[in-house]
Amino acid sequence: MGWTFSLVATGAALFSLLLAGWMQARRGIGRFSLVPWDYVMIVSALLLLGLLAHLAILWRDGWPA
């Protein structure tokens, strides 16, 4: 994976983490209350940590990867 895909995936993981946190706070209100948002938050946080580690490796190896 290069820089572009890693940055896009990091943005998507961050967005899903923020969305899951917001929807967890609104649990019980609306039609999306049955989705297990806490599990979505856990998976998003793990993906975000992995992608940040991958970006750190890309940065260590050099910018034009």
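Quick caveat, the model's predicted, so the values are computed rather than measured.
Judged as a side-chain hydrogen bond (donor to acceptor under 3.5 Å, both in side chains), the pairs with a partner in residues 4-14 (not counting sequence neighbours) are, in order, Ser6-His54.
Both Leu7 and Leu58 are assigned to one and the same hydrophobic cluster, defined by single-linkage of ILVMFWY side chains at heavy-atom distances under 4.5 Å.
With sequence neighbours left out, the side-chain contact (heavy atoms from CB on, under 4.5 Å) criterion links Leu14 to Leu18, Leu48.
For the atom pair CG (Leu52) and CD1 (Ile57), the distance works out to 11.5 Å, reported to the nearest 0.5 Å.
Across every non-hydrogen atom of Trp3 and Trp59, the tightest pair is CZ2-N, 3.6 Å.
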Could you give the side-chain donor-acceptor pairs of residues 38-45 under 3.5 Å, partners two or more places apart or in another chain?
unit_1: Ser44; atom_1: OG; unit_2: Ser16; atom_2: OG; d: 2.9
unit_1: Ser44; atom_1: OG; unit_2: Val40; atom_2: O; d: 2.8

